[in-house]
Amino acid sequence: MADDFESFVRDRMNALVRYGYVLSGNPHDAADLAQEALARLGERWRRVHARGDPEAYVRTTMARLHISWWRRRRREHPVRNLPEESYDDSGLRAADGDMGLWQAVGELPPRQRVVLVLRYFEQLTDEEIADELGVTRVTVRTQASRALEKLRRVENFRVAELSGRLC
Amino acid sequence: MRTDVENDLTRTLRAAFASAPPVAPGFPETVTRRRGQRRRRRAAAITGLAAVLLAITGVVTVRPAAESLPADAGPVRDVRAVWPEAVVTLPPLTGGDVRYQVEAALGDGVYLVRPERGAPVLLDGAKVRRLDGIFPADWPGDLGITANHIVWSMATGDGVDVYVQPWRDDGPAVHLGRLPAMDVAVTESGDAFYAVGSTKSGNLWTHRLYRLAAGQEPVPVAAGDGYVLVDGPWAVSGVPQPGAANRLPRVWEPYPSLASVLTAPRSVPTYRNVVTGQTATPVSRASIISCAVAACAGHDGGAVVFWDATGANEVRTGFTLDLRDRADAFFDTSGRFVQVTTRTPRESTSTTTGSHLWDRTTGAVATVRGEMAYDVIDLGFDGGKTVLDLTRIR
């Protein structure tokens, strides 16, 4: 593990920006999240490094930042999915397939989205997610349940649409 | 046991991680720069607090950090020094809620605040009126204000439930109805409520206007379709995302959002009153940064200009904006006060480079750290939650 902060940034920036992309769904916010979280880590580097897992600290900060940034930006009425921000990747498109799940995840409220990322990408338990976000387990389950319900509707819709197309 | 959608989701998120765009060049340097900015902001905040304490004792005039000033602005004071009568320190909430955001100044010392966790709260002097009884414990919905009511919405199933509760008295909360939409904005006219329900398909938003009344099914108002509420009953068309009449700040957001880069000025909006059908188009006096129904903010070659929507009361300030920046203007409900903020372009770090509050009536200007909400600016926590209550400067 990198001992100094600058080395840590260089070593882990790719992974952290990728994580930011999973959280936010666009490359600009991904870089923004990673930069801000790293800047905060830099202020506490000795203390966090001494505890042994600075990357976990950054990821937690990014998840929390994503929720709070979204709240602030919503007041500014940002446009979602700006043409300038769109990012198209054939690999992702293939993984997303015809279900449109990635797009549907992008349309979830950020808190729901973060809960899903922590649960299904980070593979954290609901208790761990609750600790990370400073909420109760009931909140985590509620958010996850609502989000999954929306995603199921999207999948069912896509399946029905595809079935219709094939008939 | 995991369901199909859960397995699909894991696969999709992993694919997104694997195929994320590469890190832009200069990333480590940007992190270093942001660390420096955070250190300077912290130092400036400490200096500002010390200055305010000195100002309270009448010894010194507060000056903001130099980095937040436009080049030719000259000495501009902090809002605390310019409008001390409007600076209010609010009490902590009971139950251990220390951190909260002030959403609205409702007049006569009543504030709507949103704790970091849990339901919104009305603060009336030292009296705290909790709204927990009507909000679910973990309420994830949207909050708004109309002339007489707090409005909140909550996505449930395949729609959005809309509720209102009077904020002027202790009247009960009422379920106004459920709209087949993803996002809802509500306005109030007499005994009626009107709501725009917005739904997104792909990148395309569609907007439907409804008339709402408690105990009745929402009634579609076809004449209002395609419009998005942005300022009370006033709406604009052609906006690609929902804006809320009662979600603040009250700002017109054109398409595309990046038009707020000053070199790509916004076009003049046309407003439609969804209740009366009346239309209004502000007169253009300069390149528009943003408009409310009552007034516009713009720039002429970078110099900040304000004017009434009728074209009257034009004020050309000595402030010059950096045309490479993004700028936004946020008006209070009267259109008298306007906050102009500038940020570096999104491609870098979106750092705020300036934030000023103008009184269009008196010409007074001050620097401000905080964002305009409903007639209030949350100034943060300086020994207590502090706000600038614009209703106290009328």
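Labels below follow one simple rule: chain letters A, B, ... track the order of the sequence lines, proteins then strands, and each chain is numbered from 1.
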- request: Examine distances only and state if a side-chain atom of A/R18 and a backbone atom of B/A18 form a donor-acceptor pair shorter than 3.5 Å.
  value: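 Side chain of A/R18 to backbone of B/A18: a pair is present.
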Within-4.5 Å side-chain heavy-atom neighbours: [X] and [Y]:
{"X": "B/T12", "Y": "A/Y120", "result": "no"}
{"X": "B/R11", "Y": "A/L101", "result": "no"}
{"X": "B/P28", "Y": "A/M13", "result": "yes"}

field: Which atom of A/Y21 lies closest to which atom of B/A16, heavy atoms considered
entry: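 Heavy atoms only, the tightest pair is CD2-O, 3.5 Å.
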message: Looking at every non-hydrogen atom in both residues, tell me the closest pair between A/A31 and B/F27 and how far apart they are.
response: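 In this case the closest contact between A/A31 and B/F27 is O-CE1, 3.9 Å.
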- prompt: Say you draw a straight line from CD of A/E6 to CD of B/E29; how long is it, rounded to the nearest 0.5 Å?
  reply: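 It is 10.5 Å, given to the nearest 0.5 Å.
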message: Measuring from atom CG of B/L13 to atom CZ of A/R119, what distance do you get when rounded to the nearest 0.5 angstrom?
response: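 It is 12.5 Å, given to the nearest 0.5 Å.
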query: Yes or no on side chain to side chain contact (heavy atoms under 4.5 Å, CB included) for A/L148 and B/L9, after CA distance, side-chain angles and deciding distance?
result: CA-CA 9 Å; A/L148 288 172; B/L9 183 58; 4.2 Å; yes
field: Proximal component of A/L116, with respect to chain B [non-hydrogen, under 4.5 Å]
entry: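 Backbone plus side chain of A/L116, per the 4.5 Å heavy-atom cut-off to chain B.
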query: Could B/R34 and A/D32 be called an ion pair, given the rule that one side-chain N must be under 4.0 Å from one carboxylate O?
result: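 A salt bridge links B/R34 with A/D32.
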